[in-house]
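Numbers for residues simply follow the sequence, beginning at 1.
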Amino acid sequence: MTAATTPGHGPLSGVRVVELAGIGPGPFAAMLLADLGADVVRVDRPGGVALGVDPEYDVTNRNKRSVLVDLKAPDGPARVLDLVERADILIEGNRPGVAERLGVGPEPCHARNPRLVYGRMTGWGQDGPLAQRAGHDIAYIALTGTLGMIGSPDQPPPAPANLLGDYAGGSLYLVVGVLAALHHARAGGTGQVVDAAIVDGTAHLSAMIHGMLAAGGWQDRRAANLLDGGCPYYGTYETADGKHMAVGALEPRFYGEFVDLLGLADFADARRDWARWGELREAVAARFRSRTRDEWTDVFAGTDACVAPVLSLREAPHHPHLAARGTFTEHGGITQPAPAPRFSATPTSVRGGPALPGADTSDVARDWDVPRLVDDVEDADRETPRRVLENPQ
């Protein structure tokens, strides 16, 4: 079931993954598996997917290969099942029942490959009253209580991009699930279905908070707690130039260093005095507004005050620490996060740019020994814009 191991491609070298094209958390999960060395073949549909990024810039499709298959064509499901027979993992992110109607649900896939790990990525999950409802990250995290923890009490909760739900509560839980199921399949020979729902994963992320809530150490309202902006020495402050500094001086020693460097030694005893938190917050805010972000960055540089500048997406790759570690990399003219985490014996890398739909059909057909993939490929080419099919590498 595994391809030949290619040295230097990461700890999942030799693992084969079929990804049914979608948007958001499914492609990100497949990218993570590809970053770790898996041979990920993305099954793209003619015409692309809604809300898709221009394929040339869609970093979530790096390190993958793409084939074009029309699952609604008479022989479409059979082509995918040929890939499934040779795969270790399949990832799909359709609404419940869609893959079954297309002929590539768990039952036909496991009939062809009993060891297959079938990973399902949805917002609401495979069952429950909302399972068939449309949704996006913000709606999923809203129901879990996590969105309600974010922001100022006098403003609506802000939209925290789609990192919390789609990627933290969705993609990462799907990857953990399929790798755990792969371990089980290799030990016992039996595959299974992994139901990764964003509502489940995002709720799971709040486990510590629920423990604190039960113990009376967390108030069920925004900006009233140690870690949600309610604490004056754990939050963000505006600087003289309209930028911001982030403060996380929780422990006594770090707090002491923080107020000393800020020039607020008179508040050394205010750390645990909730009655003085309002006064402390005003004093800290006034001090930060007296200098620019870069000036404050210099003040706190090399200290344990736990203060850092709030950088933009374009600024972050140039920070000396991230640059020294290679946290970001450039490939094909696109600056992007490097693969994570890091491995001492099986290092990972960005091996290829975004896979363009259908560009790798012939190579995959050869490498996976699935000759049916290339049947009528010219017809599929004619249905897909040439810009999508050209390989930039």
Side-chain angles (χ1 to χ4, degrees), residues 1-6 8-10 12-22 26-27 29-49 52 55-56 58-73 75-93 99 102-104 108-109 112-113 115-119 178 182 332 350-386 388-393:
M1 286 301 183
T2 60
T5 298
T6 304
H9 282 188
L12 293 185
S13 181
V15 173
R16 284 178 167 176
V17 179
V18 173
E19 174 199 354
L20 302 187
M31 180 204 74
L32 180 50
L33 294 172
D35 283 354
L36 296 178
D39 182 7
V40 176
V41 172
R42 177 178 167 95
V43 179
D44 279 296
R45 67 195 72 171
V49 295
E56 295 181 10
D58 190 351
V59 173
T60 64
N61 285 328
R62 72 186 185 191
N63 288 339
K64 303 177 184 178
R65 298 192 286 179
S66 170
V67 301
L68 275 183
V69 176
D70 183 358
L71 276 168
K72 295 183 179 180
D75 62 346
R79 295 188 186 192
V80 172
L81 290 174
D82 284 348
L83 289 169
V84 165
E85 185 175 340
R86 295 155 175 81
D88 299 289
I89 297 169
L90 179 142
I91 288 176
E92 65 96 7
L102 291 173
V104 290
C109 286
R112 290 286 291 273
N113 181 357
R115 297 169 61 92
L116 181 76
V117 173
Y118 195 105
V178 297
L182 179 62
V350 178
R351 307 181 302 279
L356 301 187
D360 309 293
T361 302
S362 297
D363 289 342
V364 172
R366 180 195 66 234
D367 297 344
W368 286 41
D369 190 21
V370 186
R372 183 163 22 186
L373 273 180
V374 296
D375 292 346
D376 300 326
V377 70
E378 291 183 358
D379 293 338
D381 285 358
R382 284 193 289 271
E383 296 177 16
T384 305
R386 178 53 48 191
V388 169
L389 288 177
E390 291 174 349
N391 193 329
Q393 300 180 54

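With a 4.5 Å cut-off on side-chain heavy atoms, Leu90 and Val117 do not count as touching. Side-chain contact between Leu33 and Val15 is absent, with no heavy-atom pair separated by less than 4.5 Å. Using a 4.5 Å heavy-atom cutoff, the side chains of Asn113 and Tyr118 are not in contact.
Under the salt bridge (Lys or Arg N to Asp or Glu O under 4.0 Å) criterion, Arg65 pairs with Asp39, Asp367, sequence neighbours left out. Every residue two or more places apart in sequence or in another chain that forms a side chain to side chain donor-acceptor pair (under 3.5 Å) with Asp44 is listed here: Arg42, Ser66. Qualifying side-chain contact (heavy atoms from CB on, under 4.5 Å) partners for Ala78, counting only residues two or more places apart in sequence or in other chains: Arg372. Contacts of Glu92 classified as salt bridge (Lys or Arg N to Asp or Glu O under 4.0 Å), with partners at least two apart in sequence or in another chain: Arg120. Residues satisfying the side-chain contact (heavy atoms from CB on, under 4.5 Å) test with Val59, not counting sequence neighbours, are Arg62, Ile334, Gln336. For Leu32, the side-chain contact (heavy atoms from CB on, under 4.5 Å) partners at least two apart in sequence or on another chain are Leu36, Leu172, Val175.
Note: Glu19 CD to Ile89 CD1 = 12.0 Å, rounded to the nearest 0.5 Å. Going from atom CG of Leu81 over to atom CZ of Arg112 covers 5.0 Å, rounded to the nearest 0.5 Å.
By the 4.0 Å N-to-carboxylate-O rule, Arg79 lies too far from Asp82 to be salt-bridged with it.
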